[in-house]
Amino acid sequence: MNKQELLDRRYLRMAKIWAENSYCQRRQVGALIVKDKMIISDGYNGTPSGFENVCEDDNNVTKPYVLHAEANAITKIARSGNNSDGATLYVTDSPCIECAKLIIQAGIKRVVYAKEYRLKDGIELLQRAHIEVKYIPTEEE
């Protein structure tokens with residue numbers, strides 16, 4: 001295993017730990033944005049700031065205003081002095097198409113994820129935008 005793959009696995013483990021901050025019951029997702037070997041942002045899926053920390057309704061359906069981990073990490077960058085040009089996004093689950101659009105616009109050049117989702121349109125869009133996409137399955141899969 002080369003040095004980059006060791007780093008990729010380490011950051012994915014950290015993203016998985018970060019996912020534990022999520023209050024969502026159905027799925028906990030974590031994301032880290034790394035640039036020059038520094039974590040410049042992080043996120044996990046959950047409700048917007050100031051909302052109750054309940055992600056699902058009474059029927060166990062995810063509420064429409066729940067933010068994905070990638071969106072939380074990217075919007076956190078917007079409020080900081082950092083930028084994500086050329087960064088790598090580490091995320092526990094493969095990005096959806098909406099998050100893929102944000103990833104492209106944020107200038108992120110590489111995405112590493114640990115779990116595949118049934119829909120592949122987000123990954124396909126990232127590849128179409130010439131963003132390097134790397135799948136490293138976790139032990140649980």
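- Here the closest non-hydrogen pair linking S94 and Y117 is OG-N, 3.0 Å.
- The closest donor-acceptor contact from the side chain of Y113 to the backbone of L89 lies at 3.5 Å or more, if one exists at all.
- One finds no salt bridge joining E124 and R128 here, because no Lys/Arg side-chain nitrogen approaches an Asp/Glu carboxylate oxygen to under 4.0 Å.
- Remark: K101 does not engage E70 in a salt bridge, criterion side-chain N to carboxylate O under 4.0 Å.
- The two residues I108 and A87 make their nearest non-hydrogen contact at CG2-O, 3.4 Å.
- A donor-acceptor contact shorter than 3.5 Å is absent between the side chain of D57 and the backbone of K63.
- The closest side-chain donor-acceptor pair between Y90 and D8 falls under 3.5 angstrom.
- Taking the side chain as every heavy atom from C-beta outward, R26 and E56 approach each other to under 4.5 Å.
- Between the N53 side chain and the Y23 main chain, no donor and acceptor come within less than 3.5 Å of each other.
- When only modelled atom types and interatomic distance are considered, N82 and K76 share no side-chain donor-acceptor pair under 3.5 Å.
- At most 12 non-hydrogen atoms from other residues, nucleotides or ligands lie less than 6.0 angstrom from CD of Q105.
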Quiz item: Would C96 and H68 count as a side-chain contact (heavy atoms from CB on, under 4.5 Å) if you check the C-alpha gap in whole Å, the side-chain angles of each, and the deciding distance to 0.1 Å?
Solution: CA-CA 9 Å; C96 70; H68 289 188; 3.5 Å; yes

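- The main-chain N or O of K3 is never found under 3.5 Å from a side-chain atom of E5 such that the two would form a donor-acceptor pair.
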